[in-house]
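Here the structure comes first, spelled out in structure tokens, and everything after it is commentary.
Chain naming here is simple, since letters A, B, ... match the order of the sequence lines and numbering starts at 1 in each.
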2 protein chains.
Amino acid sequence: MSISKERILEYKKNFGLRVRELRESKGFSQLDLASEINVEKTSISRIENGRTNVTLVTAVKLANALGVELKNLFEF
Amino acid sequence: MSISKERILEYKKNFGLRVRELRESKGFSQLDLASEINVEKTSISRIENGRTNVTLVTAVKLANALGVELKNLFEF
DNA sequence: AATAAAGATGACATATATGTTTACCCCAAA
DNA sequence: TTTGGGGTAAACATATATGTCATCTTTATT
């Protein structure tokens, strides 16, 4: 048995909340963060709201811009 | 400035190596792991060889099957 | 009220993760 | 020497992350 869709959705949401938490703690707007890593502000909004299944590469960029270790983005 | 392509490639490779390391420590074949989480053995091979940009959902499934916390997959 | 910044969201395009199938290379056991 | 398991990989299909652009709401500021 694999993981339920509900559980998966929770992971997406928690990841998004973690990003938002770190972004706000740095005093960045979504646009600031987006510009920092050359992604669209639309993407940041989608990610923070748990609407996307982020990729490793995007997570690496986010961690870099937020000044944390990659693994910290997955601590929730 | 964002992260270089070389750096990104390293992350993909390291993630793959981490998966391989954990899989082998559990005595699983790629097929065992693939079956466990309902993905293709081809995908496992691609991931372990750093040829794909894995998604959060796939990482969650892998962590689950490998019996580790999600963040442990990103410790390298 | 008027303006602007911040965020959310829809629609469509493009790139690519993963599914699926097939085939190949090793290597160990018969 | 075959046979089968483990791994790699090519080729194509499908699903979706992200880009791009537009619009809308909310909130703060003037």
Side-chain angles (χ1 to χ4, degrees), chain A residues 1-66 70 73-74 76, chain B residues 1-66 70 73-74 76:
Chain A
M1 269 305 302
S2 206
I3 303 195
S4 70
K5 292 189 189 299
E6 291 74 26
R7 201 74 155 290
I8 291 291
L9 187 54
E10 272 181 39
Y11 274 95
K12 290 188 191 175
K13 285 190 176 166
N14 286 331
F15 182 88
L17 291 176
R18 185 83 182 102
V19 170
R20 172 161 291 168
E21 175 180 44
L22 288 165
R23 174 179 61 79
E24 291 180 341
S25 80
K26 302 285 176 184
F28 290 161
S29 68
Q30 288 183 348
L31 181 56
D32 291 333
L33 179 55
S35 306
E36 189 78 22
I37 63 181
N38 298 312
V39 300
E40 296 296 319
K41 67 171 189 159
T42 296
S43 292
I44 301 295
S45 176
R46 285 187 287 223
I47 290 166
E48 287 190 359
N49 287 288
R51 305 202 287 119
T52 56
N53 177 17
V54 281
T55 65
L56 174 61
V57 170
T58 300
V60 167
K61 290 178 181 173
L62 287 169
N64 194 56
L66 293 169
L70 178 60
L73 284 188
F74 300 93
F76 45 74
Chain B
M1 268 300 302
S2 206
I3 302 194
S4 70
K5 293 188 188 299
E6 293 72 27
R7 201 78 155 289
I8 291 292
L9 187 53
E10 273 181 39
Y11 274 95
K12 290 187 188 175
K13 285 189 177 166
N14 286 331
F15 182 87
L17 291 176
R18 185 83 183 100
V19 169
R20 172 162 291 167
E21 175 181 45
L22 288 164
R23 174 180 62 79
E24 291 179 342
S25 79
K26 302 285 177 182
F28 290 162
S29 67
Q30 289 184 347
L31 182 55
D32 291 334
L33 179 55
S35 307
E36 189 80 22
I37 63 180
N38 299 311
V39 300
E40 296 295 319
K41 68 168 188 162
T42 295
S43 291
I44 300 295
S45 176
R46 284 188 286 222
I47 290 166
E48 287 190 358
N49 286 290
R51 302 200 286 119
T52 56
N53 176 15
V54 280
T55 64
L56 173 61
V57 170
T58 301
V60 167
K61 290 178 181 172
L62 287 169
N64 193 57
L66 294 168
L70 178 60
L73 284 188
F74 300 93
F76 44 77

Query raised in the report: In chain order, what residues pass the salt bridge (Lys or Arg N to Asp or Glu O under 4.0 Å) check against B:Glu24, with sequence neighbours excluded?
Result: none
Query - ring-ring contact (aromatic ring centres under 6.0 Å, His included) partners of residues 23-46 of chain B, not counting sequence neighbours, each pair once - result: none
Report summary line: By side-chain contact (heavy atoms from CB on, under 4.5 Å), B:Ser29 pairs with (sequence neighbours left out) B:Leu31, B:Asp32
Requested in this report: Compute the bend angle of the helix from C:dA1-D:dT30 to C:dA30-D:dT1 from the end axes (five pairs per end), rounded to 10°.
Outcome: 30°
**Report entry** Any residue meeting salt bridge (Lys or Arg N to Asp or Glu O under 4.0 Å) with A:Arg23, in chain and number order, not counting sequence neighbours
**Finding:** A:Glu48
Query raised in the report: So do the side chains of B:Lys41 and B:Leu33 get within less than 4.5 Å of each other, counting heavy atoms only?
Result: no
Requested in this report: Give the rounded distance in Å between these two atoms: CG of B:Leu56 and C1' of D:dT18.
Outcome: 15 Å
Report task. Return the set of residues passing side chain to side chain donor-acceptor pair (under 3.5 Å) with B:Glu40 (not counting sequence neighbours), or none when no residue passes. Result -> none
Query raised in the report: Could you give the CG-to-C1' distance, from B:Leu31 to D:dG4, as a whole number of Å?
Result: 13 Å
Nucleotide N/O to protein N/O under 3.5 Å, stretch nucleotides 17-22 of chain C:
from	atom 1	to	atom 2	distance (Å)
C:dT18	OP1	B:Thr55	N	3.4
C:dT18	OP1	B:Thr55	OG1	3.2
C:dT18	OP1	B:Thr58	OG1	2.4
C:dG19	OP2	B:Glu40	N	3.1
C:dG19	OP2	B:Ser43	OG	2.7
C:dG19	N7	B:Arg46	NH2	3.0
C:dT20	OP2	B:Glu40	OE2	3.0
C:dT21	O4	B:Thr42	OG1	3.1

Requested in this report: At under 4.0 Å between heavy atoms, which parts of nucleotides 24-30 of chain C does protein reach? Answer with one letter per nucleotide, 5' to 3': B base, S sugar-phosphate only, - none.
Outcome: -------
Can you check nucleotides 28-30 of chain D for protein contacts, nitrogen or oxygen pairs under 3.5 Å, and list what you find?
none

**Report entry** Under the side-chain contact (heavy atoms from CB on, under 4.5 Å) test, residues paired with B:Thr55 that sit two or more places apart
**Finding:** A:Asn53, A:Thr55, B:Val57, B:Thr58
Query - Side-chain heavy atoms of B:Leu56 within contact of A:Phe74, under 4.5 Å - result: yes
Query raised in the report: For DNA chain D, which residues in residues 15-24 of chain B have a heavy atom at a distance below 4.0 Å?
Result: B:Arg20, B:Arg23
Query - Rounded distance in Å - NZ (B:Lys26) to C1' (D:dG6) - result: 21 Å
Tabulate below the donor-acceptor pairs under 3.5 Å that side-chain atoms of residues 5-15 of chain A make, not counting sequence neighbours, or state none.
from	atom 1	to	atom 2	distance (Å)
A:Glu6	OE1	A:Ser4	OG	3.4
A:Asn14	ND2	A:Glu10	O	3.2

